[in-house]
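Before any comments, here is the structure.
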Amino acid sequence: MAPWGYEKDNGPAHWHKDCPIANGKNQSPIDLINGEVKYDSGLKPLTAKYVPFSDAKFLNNGHSVQFQPSAGNGSELTGGPLAVKYNFEQFHFHWGNNDTEGSEHRVDGKMYPAELHFVHWNSTNPSFKDAVGSGGPNGLAVLGFFLKVGAENAALKPITDLIPKVKDAGTSVTVPSNFDMQAILPATLTDYYTYDGSLTTPPLAECVKWIVFKQPLEVSAAQMEAFRSVINRDGKPMGGNYRPPCPLHDRAVKTSFK
Ligand SMILES: COc1ccc([C@H]2OC(=S)NC2=O)c(OC)c1
Ligand SMILES: [Zn+2]
C-alpha cells in the first residue's frame, strides 16, 4: 500500500490493511452526540501548565503541521479524568479545504473547520513512544479544541505566521522562544467531553484518554487560509487531513458539564 494519506487510494478506508486496529472497538474520532453523553460530577478541573520553551520547532511532517519542543521541557497536564501527571509532547492541527469540514470529532454530526490536538503522555512511562505502546487508554491524554472562523487568534498568530515557512513536507522552522503556548488555552479548562479512544492516524493505537472541549476557539479567515496553503507529502493541499468518525461500540462519553 502507498504510504497512508487522505486520498482515495490511501485514505482512512485503506488504513486497516496495514493497521488492523483501524476496525477496533476503541477508535477515534467519534461523533459526540449530546443526547447520548453522561454528566460525571466526579470529573475534576483540568490543570495545564506550559512553561516557556527554549528550543521548539514548527514542522510539516507531510500530514499535519506540528509544534514540537525539545523533550523534557516540563510542561504538564493533570486533573480532569487523569489519574497521574502527563507530560506535554506536541500540538498539531487537522483542517478542511472549506469552512464546512475539517474537524475530526463532530458534535451532533456538526463538523468544525479545524481541530487542534494538544498531545501529552503518561509520565509513568519513560518516553512518549513507550506511552503510545503501553497498552490501554491511559498512555496519552489529548486535548481536542475545535476551531471556528471569527476573530483573529492572537495566541496562535505566532504559529500561523510561521506556516508559509513550512509550506512543503519535511520542512521545519525554529519557534521564537517568547511564544506563549499557555495563551492558546481558554482561561479555565471547563466543559469538556471525555472518552477512551485512539490515535486518529496510523498506527491508530488505542492509547488515548480523549478530552474534547465544548467551546471552540476562534481563528480568522486569514489564519484558516494559511492552513489551506500547506502542501502534503504528495504535493497536494494538506486540507482534508481528518479521519471520519468511528463507531462508539460500547464506550461511554462522559461530560464535565450538565
Ligand atoms: C506517533 O505519534 C502520533 C501518531 C499519530 C497521531 C495522530 O493521532 C492523533 S490524536 N492525531 C494524529 O495526527 C499522533 O497524534 C497524537 C501522534
Ligand atoms: Zn491529531
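Whatever order the structure lists them in is the order used to number ligands and atoms, beginning at 1.
You'll find the side chain of Pro12 reaches within 4.5 Å of the side chain of Pro244, heavy atoms only.
Within the 6.0 Å centre-distance limit, the rings of Tyr195 and His105 are counted as a close aromatic pair. For Phe145 and Phe118, the distance between ring centers is under 6.0 angstrom.
The nearest heavy-atom contact from the protein to atom 6 (C) of ligand 1 is Thr201 OG1, 3.6 Å.
Nearest to atom 15 (O) of ligand 1 by heavy-atom distance, out of His117, His92, His94, is His92. Taking only non-hydrogen atoms, the option from Val132, Val119, Leu199 nearest to atom 4 (C) of ligand 1 is Leu199. For atom 2 (O) of ligand 1, the nearest non-hydrogen atom from the set Trp210, Trp121, Phe128 belongs to Phe128. Nearest-residue assignment for atom 8 (O) of ligand 1 (options Asn241, Thr200, Leu204; heavy-atom criterion): Thr200.
Exactly one residue among Tyr86, Phe88, Phe128, Phe91 makes a side-chain contact (heavy atoms from CB on, under 4.5 Å) with Val119. That residue is Phe128.
Note: Trp4 and Trp15 have perpendicular aromatic rings, judged against thresholds of 30 and 60 degrees for the angle between ring planes.
Electrostatic pairing of Asp99 and Arg228 counts as a salt bridge here, judged by a charged N lying under 4.0 Å from a carboxylate O.
Protein N/O/S atoms found under 2.8 Å from the Zn ion (ligand 2): His92 NE2, His94 NE2, His117 ND1.
With rounding to the nearest 0.5 Å, the separation of CE in Met224 from CD in Glu218 is 13.0 Å.
Around NZ of Lys129, the count of heavy atoms belonging to other residues, nucleotides or ligands within 6.0 Å does not exceed 12.
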